[in-house]
Amino acid sequence: MVDIEDLKSKFLNLEYDTKTFELDPQRAIAIAKASGEILPQFTDPEHAEFEAVPAMVASLASGRRLPIDFPSLGGIAMDGGKAVTSLKAIRPGTPLTGRTHLHDIYDKSGRSGRMIFLVARMEIFNEGGEHVATSDSRMVIREKPDA
Amino acid sequence: MSIKTIADVEFGVELPTFDPDTSLATVSAFAEAVGWGRGGRFTSHEKAKKEGLPGALVPGIMGMGFLTSMIHRWAPTARVTYVDTVFRAPMIADQVAHIGAVVTDVDEETGTVELDVTIKNDKDETRVFGTAKVVLPVA
C-alpha cells in the first residue's frame with residue numbers, strides 16, 4: 001500500500017514543469033460560445049476587456065502530468081475535477097507561463113478500495129510576471145490491492 | 001430578477017436553471033477548440049462506444065464553462081473569481097443537462113457571493129458538482 005505521507009514529504013510543492021502558452025483569440029471565442037457564454041468580453045475580440053473564460057484556463061496542460069520520478073500507483077488515473085482561481089483577466093494573444101507543482105495528495109477509502117487523489121496546481125503568470133490565475137487538476141487513481 | 005449589485009442577492013436563493021446546448025456539434029466545437037478533438041471521444045458517439053463509453057463525452061471543463069455562463073446570465077456584472085468542479089460521472093453529448101446553483105454565502109462588505117453548483121441529467125442524477133465564488137459591485 002502506498003504511503004501517502006511519504007509521497008507528500010517527497011513531492012509536495014516542488015515545481016516539476018514550466019510551460020509557455022499563448023491563448024488563441026478565435027479558440028477563446030469558440031470555447032466561450034460553445035459554453036453558452038453571452039457576455040461580450042468573452043466573445044468579442046474587439047471588446048476593450050476581452051478575456052478568456054475559466055474553462056479555457058482549465059484546459060491548459062503542463063508538459064508533464066506528474067514529477068519525473070513519481071512512483072507508479074498501479075491504477076489508471078482518471079480526471080477527478082478542475083478548479084480555477086482567477087486573479088486577473090487573461091487576454092488571449094498574450095504570452096503566459098504556467099509553473100506546476102503537486103499541491104496535495106490524499107486518499108479516501110470505500111467499499112471498492114482506496115482511491116488516491118493527486119492535485120496538480122499550475123500557477124499562471126503573464127508577461128509582466130504577475131500571477132493571473134491558478135488551475136488545479138485533480139487526478140484520481142483507484143489503487144490496486146497489491147500496489 | 002436581474003442581479004446588478006450585491007444588494008440584489010439573497011442568501012439561499014436558487015439561480016434560474018440553465019439548460020445548455022449539449023448537442024454533439026457544440027460539444028465537438030468545444031473539444032476542437034481546446035485541442036481534444038482527436039480520437040473521437042468527444043466528437044463521435046460511434047468512436048466513443050468503441051472505447052467502451054456510453055457515448056461521446058462532454059468534456060468536464062465544458063461543464064465548468066456552462067457553470068460560469070449560467071452565473072453571467074444571472075448576474076452580468078459578476079466576476080467569477082473561483083470555480084471548482086468535481087467530475088462525479090460522465091456527461092454525454094446529446095443528453096439534456098440542467099445547471100443549477102444556490103447561494104450559500106453573501107458578504108455584503110466585499111461583494112462576494114458563494115454558490116453550490118450542480119449539473120444533473122434528465123434522471124436527476126448529479127454528473128458534476130462544485131462551488132463557485134463571484135464578486136459583484138457593492139453599490
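The basis for the numbers below is simple: all heavy atoms, side chains too, and nothing from hydrogens, waters or symmetry mates. In what follows, every chain begins at residue 1, and chains take the letters A, B, ... in the order their sequences are listed.
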**Message:** Is a donor from one side chain sitting under 3.5 angstrom from an acceptor on the other, for B:His98 and B:Asp122?
**Reply:** yes
**Item:** Heavy-atom pair count under 4.5 Å with chain B, highest-scoring of A:Asp79, A:Leu87, A:Thr134
**Value:** A:Asp79
**Asked** If you count heavy-atom pairs under 4.5 Å between each of B:Thr26, B:Thr81, B:Val86 and chain A, which one has the most?
**Response** B:Thr81
**Prompt:** With a 3.5 Å cut-off and no angle check, do the side chains of A:Asp136 and A:His103 form a donor-acceptor pair?
**Reply:** no
**Prompt:** So which part of B:Arg79 gets closer than 4.5 Å to some heavy atom of chain A, the side chain, the backbone, both or neither?
**Reply:** side chain
**Prompt:** Checking heavy atoms, do the side chain of A:Ile31, its backbone, both or neither come under 4.5 Å from chain B?
**Reply:** both
**Message:** Could you check whether A:Ser62 and A:Lys19, counting side-chain N and O atoms only, form a donor-acceptor pair closer than 3.5 Å?
**Reply:** no
**Request:** Considering only NZ, NE, NH1 and NH2 on the basic side and carboxylate oxygens on the acidic side, decide whether A:Glu123 and A:Arg121 come within less than 4.0 Å.
**Result:** no
**Item:** When B:Met62, B:Arg73, B:Lys133 are compared by non-hydrogen pairs under 4.5 Å with chain A, the top option
**Value:** B:Arg73
**Asked** If you tally heavy-atom pairs under 4.5 Å against chain B, which of A:Ala32, A:Ala133, A:Gly80 wins?
**Response** A:Gly80
**Request:** Before accepting this row, confirm whether a basic side-chain N of the pair B:Lys120/B:Asp124 lies closer than 4.0 Å to the acidic partner's carboxylate O.
**Result:** yes
**Prompt:** Between the main-chain N or O of B:Ala33 and the side-chain N or O of A:Arg27, is there a donor-acceptor pair closer than 3.5 Å?
**Reply:** yes
**Request:** Let me know if A:Ala28 has heavy atoms under 4.5 Å from chain B in its side chain, its backbone, both or neither.
**Result:** neither
